[in-house]
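Taking it in order: structure first as structure tokens, then the write-up.
Convention: sequence-line order gives letters A, B, ...; per-chain numbering from 1.
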Number of protein chains: 2
Amino acid sequence: MELTDRKKQILKVVIEDYIHTAEPVGSKTIAAEMGGKISSATIRNELADLVELGYLEQPHTSAGRVPSPKGYRLYVNELMEQQRLSLAETERINQSLQMKMEELDRVISQAGKAVSAFVNYPAYITAAGRKKTVARRFELLPVDEHSCIVVMMLGDDRVKSQLLRLQLKVEPEQMPGLVNLLNTNFTGISVDEMNLRLMDLSEQVTPQLFLLLSQTVAYAVDVLEEAGQREIVTAGAKELLKLPEFRDADKAHQLMSFLADSKESLPMPEEGPMKILIGPENVSEALQNTSVVVASYDIGGDMRGLIGVVGPTRMDYASVAARLAGFADGLTRMFGKQEGLPPKEDTKT
Amino acid sequence: MELTDRKKQILKVVIEDYIHTAEPVGSKTIAAEMGGKISSATIRNELADLVELGYLEQPHTSAGRVPSPKGYRLYVNELMEQQRLSLAETERINQSLQMKMEELDRVISQAGKAVSAFVNYPAYITAAGRKKTVARRFELLPVDEHSCIVVMMLGDDRVKSQLLRLQLKVEPEQMPGLVNLLNTNFTGISVDEMNLRLMDLSEQVTPQLFLLLSQTVAYAVDVLEEAGQREIVTAGAKELLKLPEFRDADKAHQLMSFLADSKESLPMPEEGPMKILIGPENVSEALQNTSVVVASYDIGGDMRGLIGVVGPTRMDYASVAARLAGFADGLTRMFGKQEGLPPKEDTKT
DNA sequence: CTTTAGCACTCAGGAGAAAAGAGTGCTAAA
DNA sequence: TTTAGCACTCTTTTCTCCTGAGTGCTAAAG
């Protein structure tokens, strides 16, 4: 038996109906929705075929049909109509991204909330550099005898700085030497190498200078390690509670716990502008009954971010995909504009 | 009719039982729990009195009794036994706060999560300075002809920095003058004054210098404004779903929306180390059926933070209060230790 | 005057049974 | 191949009845 066009037609109607009602769809409804040209009996025959082919499922003998993951997959691949956002909507999306360019963290978390609010599903978002960042330049600004400010410029143009309380007194004259030491030995290398380099130097400089040096390097290592971590922010988990499939508090709790605690295992596709994972296509146990739509956006430099939306398998793929694409665009454009202005992130203490 | 000691005794038993079972408490249970010295009939008489006095309520004629807000209030004020945390528990709390002293934001959000996980209720946390921060010192580090690094030291010892793309070329020789201008004119004053000062200077310096100046000051204003904002982080909203009173998805959704969106209206008592707000004592509509326990902690300097826990009115006040106090202590101690080390927060871009 | 036993009464919640309704699958005719 | 017709299946809803926890009152005992 093969998948005729009419079968696909019917599958599409079933899915789109089910997406909105969350109720099994019956033959009569379908017939009506298809313009009444074909009788419900014919539809029934087709439905039986679609079940046999694995695109639909039947909760119990005398209920309507529900799409299977395989059905959704076909829908997403072939049947779904690319949805265009209205101008007004695009406008609203961009407006929600209109914020003062603050720290990356904050922008990201804002955007995550906006996405979630737009699609009415929980969302997650992250920004991650592809390469490890290195230090590019150090500066030390004396404050008083026991403290100075370390300023550190990273490979990706971010600047981090902090007040450093020194464990011992330092003469201002020593500073230039120290800075020089830092810039010649600790720029452009990885954290591991930094630690090695520090050990090497331990015998070449005075103990006093070494103490200062290691304090500064320790700070640098902290910063670089933190910069390398991809932080994942989730937003709008509460949206789940509106969905009939999560009215059961236990189910909702389970998924919300997963979203809150196991962020690392959220889908993070390596490539492509958009990826849709349906039900069992997800690796994580907790996502077996949910679908995930992920889009990527550019932050400039070698940075790239991901925004994802989590919902039930019957989520409104067309709408979510369109909006997510809108956001990805908006973010890319937003970071693009910043090119030549404060780069990606802000410094830290 | 007056509130005898025995009545208080009984009230206490009712409340403590109800806290754990969430079921109306009957006279027999109470009699048993009080050691069987008094018969259930006597208890019934007392219960009737307690209802009349407004400390208890009766869901329907033939159900047990449930504490009223007034009852909880009495319990919290007089009846509740100060709970002491076990050493192990204190240990665990402190351990959960054992983290690298990173940016304040991050510490706060971590601590919020920890609190929520400990008490099994949603928590919120914030850190707020009492006074407005000012800039204390500026530095500019040239990078290339079109960019330099602004470093800014705040009144509370934090350091913020960012790479600034300049709208026009600058000779390195101009830098010292600019820095001097900044340090003499823009330190120690409020944001409003900064803007005024900038206008004044517009006529006194060359247009080119003024452009640079305003770019830098704009950055400073951004930083100071952000520093003045109290950010409120909420954590563990999902805990609600475990409670019988929020098994109803709508109720849970309502409160979670409130926690996510209307953070400003969460109780922020101005003084006292700990405050308990029961049901209708809360101002916010959405909190009418919940209780809130808030504790404050010191961050050093003129900074003070608040941690709060939101739960049903039947929340385990004794336990929550004890743990919250433990966390407040832990945080205060933690920030105290940092005295003389990196002060409160980290810099921003 | 307080406490207690006894007892009728109330009412929410659960178990079943019955009815309703939606939808199917099959048969036979168009 | 499509369609009308119809019996059948199974969930969902409604209703009724029953159970049991818990009360409030009365009357006796302390």
Ring pair (Phe, Tyr, Trp, His ring centres under 6.0 Å) filter on F118(B), not counting sequence neighbours, yields F327(B)

With sequence neighbours left out, the residues meeting ring pair (Phe, Tyr, Trp, His ring centres under 6.0 Å) with F246(B) are none

In terms of heavy-atom contacts, does [atom1] of [X] have more than 12 from other residues, nucleotides or ligands at under 6.0 Å?
X: N120(A); atom1: CG; value: yes
X: E264(A); atom1: CD; value: yes
X: K28(A); atom1: NZ; value: no

Between [X] and [Y], is any pair of side-chain heavy atoms under 4.5 Å apart?
X: T4(A); Y: E46(A); answer: yes
X: N289(A); Y: E245(A); answer: no
X: S86(A); Y: R92(A); answer: no
X: Y317(A); Y: I278(A); answer: yes
X: L50(B); Y: R65(B); answer: no

Span of DNA chain D engaged by chain B, first through last nucleotide within the 4.0 Å heavy-atom cut-off, is dA21(D) to dG24(D)

Do any of [range] sit with a heavy atom less than 4.0 Å from DNA chain D, and if so which?
range: residues 27-43 of chain B; result: S27(B)
range: residues 45-67 of chain A; result: N45(A), H60(A), T61(A), S62(A)
range: residues 5-19 of chain A; result: R6(A)

Residue pairs passing the salt bridge (charged side-chain N to carboxylate O under 4.0 Å, His left out) test with at least one member in residues 273-295 of chain A, sequence neighbours excluded, are R73(A)-E281(A)

side-chain hydrogen bond (donor to acceptor under 3.5 Å, both in side chains) filter on T61(B), not counting sequence neighbours, yields none

Those residues at least two apart in sequence (or on a different chain) that pass side-chain hydrogen bond (donor to acceptor under 3.5 Å, both in side chains) with S319(A) are R323(A)

Applied to residues 250-259 of chain B, the side chain to side chain donor-acceptor pair (under 3.5 Å) test, sequence neighbours excluded, yields R247(A)-D250(B)

Residue pairs passing the ring pair (Phe, Tyr, Trp, His ring centres under 6.0 Å) test with at least one member in residues 18-70 of chain B, sequence neighbours excluded, are none

Symbol by symbol from the 5' end, with Watson-Crick or G-U pairs under 3.5 Å, [ ] crossing and | another strand, DNA chain C is ||||||||||||||||||||||||||||||

Atom CD of E23(A) and atom C1' of dG21(C) are separated, to the nearest Å, by 13 Å

